[in-house]
Amino acid sequence: MRSARSLIAVALAAVLVTTLTTPTAQAGHHPPTATLTSLGVPLSDVLLIGGTVAPGPGGKTAIWNVSSGSPAYLNAIDPATGDSLLSAALPGADGSYAVAAAPDGTIYAGTYNNGHLYRLKPGATTAEDLGRPLAAETFILRITVDEQGNVYGGTYPHGRVFSYDHATGAVRDYGTIKAGQGYVKSIDYANGKLYTGTEPDAYFQEVDVATGAVTEIPAPPTMGDPKDKVVYDLNVRGGRVYTRVSTAFPGPMYVWDIASRTWVDEIQNEHGLDISPIGADGSLYMIQASELKKYDPATKTLTGTGLTFTGRIQNARSIGYADLDLPDYPGTSVVGTLWRGEEFRYNPQTGKSEIFQTKVRREPIEILSVAGGKNNIYAGGFLNGGVSVVNPDTGAATFNRFSQVEALMEGSDGKVWVGAYPEARLYSYDTSKPWSSPEYSPGPPGTPDNPVQALNLKPDLFQTRARALAEVNGKIAVGTVPDGDRLGGALVIYDPKTGTAEKYRNVVQDESVFGLTADCGIVYGGTSIAGGLTTTPPTREAGTVFAWDVARKKKLWETVPVPGAATVSSVTMGPDGLLWGVAGKTVFAVAPDSGKLKKSFTLGTTTSSGDIVSTREAVYVSIDLNKIYRIEPGKKAVPTLFVEHAHRRLGVRGDHQLLMTSGSELFRIDISR
């Protein structure tokens, strides 16, 4: 059954939660009040990553997937109709990259964020939580099963492999497979051996299940330097290892022959995430160059099926065979699902193919970014992604399918600027015109692109997250986090009038740009010692604040406001003319002309990254992800607790309204005296 939270995803608004009054030390001063109103869940969609094709309820072939959410759900889909056959909650899990079927029909799912293994036995409707196989590992990135039904998995953050004995529940830790590699991104099993691939660098290993001995497989001759490459997919089929070195986007697939221990083929522009099992005729199917293709291992040839795919992501983890018993689909057909819940199918006898939306459940999406505009609130989604335009009075939301949204901002031109992940992309969205994203959610044929991509900062700057946005003299400043195992974010100044951009990598050496604000032609930023992956050792000890003169194209100063604090996560210009920022549990103010520290208050107990925003009357800062403090200007300004409520992001709309997110729920905080 759906949770109460997911049921309010389409609710228009808003039940009063609480009213708080902040204390004040000034006699005769009327303290402001905070009135919290829930605006419901503005973002919900389908995101399927982990999956497989295997027997389902009643023994009929089903397409199994895990739909991301809080909690995630393990779903069985009827490939003939797209109907949901079963939906079992995975309590505590947010989603899964890893689903596999045992020979007896048991379905296993390895999950992310909690790193647990779940099991659904044949005939059961409730999944068992088998716990976290390895206490220090929070992501199970991929699992596989042997002939007896034992499970093997690859993990993060320490790049380990484990086994789970299906009969006894015993767990074996094979340890870190490749030193320095925090991700065992891919894994499969064949004949007593495990085959694994790593991230952040592309290495291949063969692991003896019985002894634990690890044998390095040499890189394909044409792969080049393994640095900053990822073994994203790996499948063992018919005595060969098919492994794709790429990302979520197309890349080369290399074929390793286990018996001869040689690389025997290379297939360009393969989409992944999986390939089908070997069929009755010895061939298999894969998505290559935006088309479902038949691959003959004997002749190493690809044959098109005519089933083509569009959009930014064209891959499948659940792909296999099913007897559909439909007129145009006699015998066995190829079936699978795409990441947004669409099913594709193809019949080799008739050539019939189609793509259609299944009835797999939609789940609320955690809000990653929030911004206020003149007439609307804008919410951006984590992982599943999406942009919602929300009515601030009623909570009515218009959801638009999109990528993960790191930052949002309504510009002075009325357009909404969107900072996206991956590839640190910048888009402009005109809310007065129909939404049409060719990458994620195209409108009717002929509809102009909206949003329009302005920047992609991966090719030349190696950036992956457009983490922060600010407007300066009609230009858009973008702060970014680097891609892969790198340090050094960027500051980019984009001019919408000319379509040109000034790009500055390492504006603060080896630090990512997490927060931005602007005033009088100067961009101010907060930075972090973190790189693209947590496996990247930092070279610096603390986050900084910096000032950048846009007209003179130079950095004016940088300073460390809180020694030892890794990240200055957010900055804002306060009503007192000072530049305010937050670094973990500390809020501070510096002089904007010099960076000299003027004020500092330690308010929290954790290093959790918070936001800081301002109105004409005060500064508001998020601390410990459960408290919001108010700071009024003046020499005797003292932070006062304004709101106490668990949250992730803090935004502002005008001078009398704050915005707060808690998981997938959006709140409006009205400020009054």
Side-chain angles (χ1 to χ4, degrees), residues 52-53 61 79 144 186-191 193-197 202 204 206 217-224 229 231-246 249-310 314-324 328-338 344-355:
T52 190
V53 178
T61 300
T144 185
S186 52
I187 188 170
D188 208 355
Y189 168 88
N191 299 321
K193 303 290 175 64
L194 296 171
Y195 297 89
T196 67
F204 310 87
E206 182 182 73
I217 296 175
T222 58
M223 189 185 81
K229 292 187 174 75
V231 185
Y232 213 87
D233 314 323
L234 187 152
N235 299 108
V236 181
R237 301 285 189 262
R240 291 178 175 179
V241 179
Y242 295 80
T243 182
R244 190 173 64 98
V245 179
S246 186
F249 307 112
M253 172 175 279
Y254 303 98
V255 184
W256 169 260
D257 185 81
I258 296 173
S260 67
R261 306 197 71 77
T262 57
W263 295 100
V264 294
D265 200 8
E266 179 177 337
I267 303 167
Q268 293 297 322
N269 296 315
E270 210 280 332
H271 292 257
L273 298 167
D274 274 334
I275 60 177
S276 76
I278 298 287
D281 63 355
S283 63
L284 53 82
Y285 289 84
M286 65 180 67
I287 300 175
Q288 189 266 341
S290 301
E291 184 180 4
L292 181 69
K293 302 259 180 91
K294 179 179 179 179
Y295 177 75
D296 185 338
T299 61
K300 304 176 189 177
T301 57
L302 287 164
T303 304
T305 65
L307 176 57
T308 58
F309 303 88
T310 60
Q314 304 172 26
N315 52 42
R317 180 145 282 172
S318 53
I319 178 171
Y321 305 101
D323 293 336
L324 302 178
D328 291 330
Y329 293 85
T332 300
S333 298
V334 182
V335 300
T337 47
L338 304 174
F344 63 90
R345 57 194 184 197
Y346 164 74
N347 186 268
Q349 293 185 43
T350 64
K352 176 71 173 178
S353 65
E354 61 188 315
I355 300 173

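Side chains are part of it too, since the values below use all heavy atoms of this structure and drop only hydrogens, waters and symmetry mates.
For the pair Asp323/Thr61, no side-chain contact is recorded, criterion being any heavy-atom separation below 4.5 Å from C-beta on. Looking at Glu270 and Ile275, their side chains come closer than 4.5 Å, going by heavy atoms from C-beta outward.
For the residue pair Ser283/Asp296, the side-chain donor-acceptor check at 3.5 Å is not satisfied.
A donor-acceptor contact shorter than 3.5 Å links the side chain of Arg240 to the backbone of Pro297. The main-chain N or O of Leu292 is found under 3.5 Å from a side-chain atom of Thr305 such that the two form a donor-acceptor pair. The backbone N or O of Asp328 lies less than 3.5 Å from a partner atom in the side chain of Thr350, making a donor-acceptor pair. A donor-acceptor pair is defined here as one N or O able to donate and one able to accept, closer than 3.5 Å; such a pair exists between the side chain of Arg237 and the backbone of Ser276.
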task = For side-chain hydrogen bond (donor to acceptor under 3.5 Å, both in side chains), just list the numbers for Asn315 and Tyr232, CA-CA rounded to whole Å, side-chain angles, deciding distance to a tenth of an Å, and then say yes or no.
result = CA-CA 12 Å; Asn315 52 42; Tyr232 213 87; over 6 Å; no
request  = Assess whether side-chain hydrogen bond (donor to acceptor under 3.5 Å, both in side chains) is satisfied between Asn347 and Ser333, documenting all intermediate values.
outcome  = CA-CA 5 Å; Asn347 186 268; Ser333 298; 3.0 Å; yes
inquiry  = Assess the residue pair Val334 and Ile319 against the criterion (side-chain contact (heavy atoms from CB on, under 4.5 Å)); give the C-alpha distance rounded to whole Å, side-chain angles, the decisive distance to 0.1 Å, and a yes or no.
reply    = CA-CA 7 Å; Val334 182; Ile319 178 171; 4.3 Å; yes
request  = Quick one: do Phe309 and Phe344 satisfy ring pair (Phe, Tyr, Trp, His ring centres under 6.0 Å)? Show the steps, please.
outcome  = CA-CA 9 Å; Phe309 303 88; Phe344 63 90; 5.4 Å; yes
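Within 6.0 Å of the CG atom in Asn191, the count of heavy atoms belonging to other residues, nucleotides or ligands does not exceed 12.
Note: Tyr295 OH to Leu302 CG = 7.0 Å, rounded to the nearest 0.5 Å. Here CZ of Arg317 is found 13.5 Å from CG of Leu338. Values are rounded to the nearest 0.5 Å.
Applying the side-chain contact (heavy atoms from CB on, under 4.5 Å) test between Thr243 and each of Val236, Val231, Asp188 identifies Val231 as the sole match.
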